[in-house]
Amino acid sequence: MSEIHIRPFMEKDRPSLAAFKLSEQQQIYSSLPVDVLDDAIEDPDRTPCVVLNGKDGIIGFFVLHKHYQHEGYATPHEVVYIRSLSINEAFQGRGYGTKVAMSLPLFVQEHFSNFDHLYLVVDAENQGAWNLYERAGFAHTATKEDGPIGKERLYYLDLDQKYVHNIKLKKDESVASPDIKVDIILNQRKSIGHIDGVINGEVLHISHLYVAEAERNRGVASSALRQLGTFLRRVLPDVKQLVVYTDDARDRVRLFERVGFVRLEDEGGKKRLMKYINY
């Protein structure tokens, strides 16, 4: 898979977008670019964008919509929504969707520097889509029961923080259950930290989060925690909750709250936080 480049739509892109294809099933979840392009061009609050790779040209499309308010959700005015994101059918299955989702925070930060809130809505049946958004750091914040085709999920990402896209998680197979160690790998080769825990039924109790000193303050810890839910759904599908106890400073609590953990009642003199990862 080659590298991708994201930029705003240019008129010269129109023929490629006219040839853009999605299956009938995929069109249930996302519109074809030509069906939303002109409306986006005519609206000053909407910015149509294309995704390119070096060899094949345009392989993806989406619209960034400022101040949008999706029916049924109360979101801030200074917000950007991602809408109609899709990858051309001919280039699906190559990891481009994940790569686009990982690249969105920096792209939006660069082009909408006055906005701190990024949202998107995904149909609940489209598990592949919300898996990759969670892997990219989006937090599931609400579920609407009566969307156009059934349940839909609202996802949120705080743009006022750092994101690290070139890290992956890998389970240390030398650690025996119920203990677990998940290595944080940089650039597919270098271990820069790990997340340790103990599995108790459907709950993974996080006991330790370590990031190498040289990589601290770069957003590695929060980026790894954002990916953890999707990673565990793949390798440990029976785990449904994450729990962490901490007596650290407020900054430590905020780290977990920023990635979707909810503060519960303190227990044993420690702060207790929880996050559902399997729905």
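Given the structure is predicted, the values throughout are model-derived calculations rather than measurements.
Both Leu225 and Val253 belong to a common hydrophobic cluster when Ile, Leu, Val, Met, Phe, Trp and Tyr are linked at side-chain heavy-atom distances under 4.5 angstrom. Both Ile199 and Leu232 sit in one connected hydrophobic cluster of ILVMFWY residues. Membership requires side-chain heavy atoms under 4.5 Å apart, directly or through other members. The hydrophobic cluster containing Val203 does not contain Val198, counting ILVMFWY residues as joined when their side-chain heavy atoms lie under 4.5 angstrom apart, directly or transitively. Transitive grouping of hydrophobic side chains (ILVMFWY, heavy atoms separated by less than 4.5 Å) brings Ile41 and Val34 into a common cluster.
The shortest side-chain heavy-atom distance between Gln26 and Gln92 falls under the 4.5 Å cut-off. Met274 places none of its side-chain heavy atoms less than 4.5 Å from the side chain of Arg263. Using a 4.5 Å heavy-atom cutoff, the side chains of Leu85 and Tyr133 are in contact. Side-chain contact between Phe61 and Leu37: present, with at least one pair of heavy atoms (C-beta onward) separated by less than 4.5 Å.
Checked against the 6.0 Å centroid criterion, the rings of Tyr119 and His70 do not qualify as a close aromatic pair.
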**Prompt:** What do the steps show when you test Asp123 against Asn126 for side chain to side chain donor-acceptor pair (under 3.5 Å), and what is the final call?
**Reply:** CA-CA 5 Å; Asp123 291 293; Asn126 193 4; 5.9 Å; no
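Judged by the 6.0 Å and 45° rule, Arg83 forms no cation-pi pair with Phe62.
Side-chain contact, Tyr155 with Glu134: a donor N or O sits under 3.5 Å from an acceptor N or O. Using a 3.5 Å distance cut-off with no hydrogens or angles, the side chains of Tyr210 and Asp196 do not pair a donor with an acceptor.
For Asp238 and Arg233, the salt-bridge test fails: no basic side-chain N is under 4.0 Å from an acidic carboxylate O.
Here the rule is ring pair (Phe, Tyr, Trp, His ring centres under 6.0 Å) with His117, and of Tyr156, Phe112, Tyr81 only Tyr156 fits it.
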